[in-house]
Amino acid sequence: MDTIQQTKPRTSPKDLFLNLGAIVALYTVVISLLNLLFSVINAAYPQITYGYYYFGSQSISWPVSILVIFFPLYVFLMWFLEKDYATEPDRKIFGLRKWLTYITLFVAGIAMAGDLVTILYYFIDGQELNTGFVLKVLAVLVVTFAVFFYYISDLRGKLNPMSQKVWLGIAAVLVIGSIVWGFAVLGSPRTQKLYKYDSAKISDLQNIDSQVTYFYQVKGVLPASFSDLTTSGNYFTPPVDQQSGKSYEYQKKNATTYNLCADFNYASNDAKNASVAAPYPYGGATWTHPVGKYCFERTIDPRAYSTPKPVY
């Protein structure tokens, strides 16, 4: 009597790398999507902490760039795997694939549970559930629930070509909608570039301000112009405006007061320009500014740099 032997599908390098690649791409897409959503929410609904605005990360360049590359990569790898499963259904029981699927379900389940615990804690503790916080909680809940429900449906064999297309459409709408929302709130790539120019100008003016203060501390007087700073022996070269290539403007008004001027693309109180908008919670000096040319007036306190007389 012939014995029919059923052999398990052998694991090939292609199976290993396709499944690993798909899971790595999935995790990268989820993390980048949440990073993007959090950045947009921070800009649209900034948190007020100890009297000043906390904006968090405002750059969406990295998450958008990653999503544009890794989301199509994930879709392609899953399409390639499903194509193999259609011709060889036994490959769906590939051991590593099941391990990766269960790990993904575990991570997604922990994320959802932690998300719900956090919002419940805030409610019981009497803390304010502001719009930004609620939106972040919903973002984590929606994204992780979608991942969890998709993979649990896959394990239970309830996915078919039509439902997979529906899931692909939902994922595409979520990713593309988040990118569009990000550009709507934080501006186009050109707008982001102008904001970065403004941020660089503030950084340059702060550098010049520290050099003027140091000059006064050493010499006891304000420099008459930038040339005094370059010839004072500290080898300082005043920075120039990276956008226009022109020098910044320094104006000595009296013995202790001076102006530092620059031309700005946007007002610093614009939520999109949060990188230079937030008032400093320390140091006393503010660098908030309107659009266009603006001069920051600075005054040095001579008492802070006077040499105390010895006491005998």
Side-chain angles (χ1 to χ4, degrees), residues 42-43 46-59 186-187 191-312:
N42 284 337
Q47 177 184 352
I48 303 175
T49 307
Y50 300 110
Y52 66 94
Y53 283 95
Y54 171 74
F55 291 90
S57 174
Q58 297 303 309
S59 176
L186 293 171
T191 303
Q192 288 292 310
K193 185 177 181 179
L194 294 178
Y195 291 148
K196 290 183 184 298
Y197 275 134
D198 282 354
S199 184
K201 293 173 186 181
I202 291 295
S203 179
D204 289 343
L205 292 181
Q206 289 173 334
N207 188 16
I208 295 172
D209 184 49
S210 65
Q211 291 296 326
V212 172
T213 302
Y214 176 74
F215 185 94
Y216 185 91
Q217 183 180 5
V218 174
K219 304 288 186 179
V221 296
L222 289 175
S225 64
F226 278 148
S227 60
D228 288 348
L229 294 177
T230 59
T231 58
S232 62
N234 61 352
Y235 305 102
F236 173 68
T237 302
V240 298
D241 187 329
Q242 299 178 33
Q243 183 178 7
S244 65
K246 299 178 180 179
S247 299
Y248 294 106
E249 190 173 338
Y250 168 80
Q251 303 167 349
K252 179 180 178 181
K253 299 183 67 176
N254 55 47
T256 57
T257 305
Y258 59 95
N259 285 341
L260 294 174
C261 308
D263 196 359
F264 296 98
N265 299 292
Y266 295 98
S268 59
N269 59 0
D270 186 343
K272 299 177 183 178
N273 202 14
S275 59
V276 296
Y280 292 95
Y282 53 85
T286 177
W287 295 93
T288 56
H289 56 81
V291 64
K293 184 178 179 180
Y294 183 74
C295 295
F296 300 93
E297 184 177 277
R298 294 289 179 261
T299 300
I300 290 181
D301 184 359
R303 294 172 298 178
Y305 303 102
S306 61
T307 304
K309 295 181 179 180
V311 177
Y312 297 98

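With rounding to the nearest 0.5 Å, the separation of CD in Gln206 from CG in Leu260 is 10.5 Å. With rounding to the nearest 0.5 Å, the separation of CD in Gln211 from CG in Asp228 is 13.0 Å. We find the OH-NZ distance between Tyr214 and Lys219 to be 9.0 Å, quoted to the nearest 0.5 Å. Put simply, CG on Leu205 and SG on Cys295 are 9.5 Å apart, with the number rounded to the nearest 0.5 Å. Considering CG of Leu229 and CZ of Phe215, their distance stands at 6.5 Å, rounded to 0.5 Å. To the nearest 0.5 Å, atoms CG (Leu222) and CD1 (Ile300) are separated by 5.0 Å.
Of all heavy-atom pairs spanning Ala43 and Leu186, the tightest one is CB-CD2, 3.3 Å. Between Lys293 and Cys261, the closest heavy-atom pair is CE-CB, 4.2 Å. The shortest heavy-atom contact between Ile208 and Pro239 is CG1-CD, 3.8 Å. Of all the heavy atoms in Tyr248 and Val240, the pair that sits closest is CE1-C, 3.6 Å.
Side chain to side chain, Thr299 and Thr257 meet the donor-acceptor criterion of an N or O pair below 3.5 Å. Side-chain atoms of Asn265 and Tyr197 form no donor-acceptor pair, as typed in the model, at a separation below 3.5 Å.
For the pair Lys201 (side chain) and Asp241 (backbone), a donor-acceptor distance under 3.5 Å is absent. The backbone N or O of Ser268 sits nowhere less than 3.5 Å from a side-chain atom of Asp198 that would complete a donor-acceptor pair. With Ser199 contributing its side chain and Tyr195 its backbone, the two residues share no donor-acceptor pair below 3.5 Å.
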Query raised in the report: Hey, mind stepping through Thr286 and Phe296 against side-chain contact (heavy atoms from CB on, under 4.5 Å) and telling me if it holds?
Result: CA-CA 9 Å; Thr286 177; Phe296 300 93; over 6 Å; no

Show the numbers, then the answer: is there a side-chain contact (heavy atoms from CB on, under 4.5 Å) between Ile202 and His289? CA-CA 10 Å; Ile202 291 295; His289 56 81; 3.9 Å; yes

Check step by step if ring pair (Phe, Tyr, Trp, His ring centres under 6.0 Å) holds for Tyr294 and Phe264.
CA-CA 7 Å; Tyr294 183 74; Phe264 296 98; 7.3 Å; no

**Request:** Report the C-alpha distance between Glu249 and Asn259 in whole Å, list the side-chain angles of each, state the deciding distance to 0.1 Å, and finish with yes or no for side-chain contact (heavy atoms from CB on, under 4.5 Å).
**Result:** CA-CA 8 Å; Glu249 190 173 338; Asn259 285 341; over 6 Å; no

task = May I have the step-by-step check of side-chain contact (heavy atoms from CB on, under 4.5 Å) for Tyr216 and Thr256, ending in yes or no?
result = CA-CA 9 Å; Tyr216 185 91; Thr256 57; 4.1 Å; yes

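With ring centers used as reference points, Tyr258 lies under 6.0 Å from Tyr250.
A heavy-atom distance below 4.5 Å is not found between the side chains of Pro223 and Lys252.
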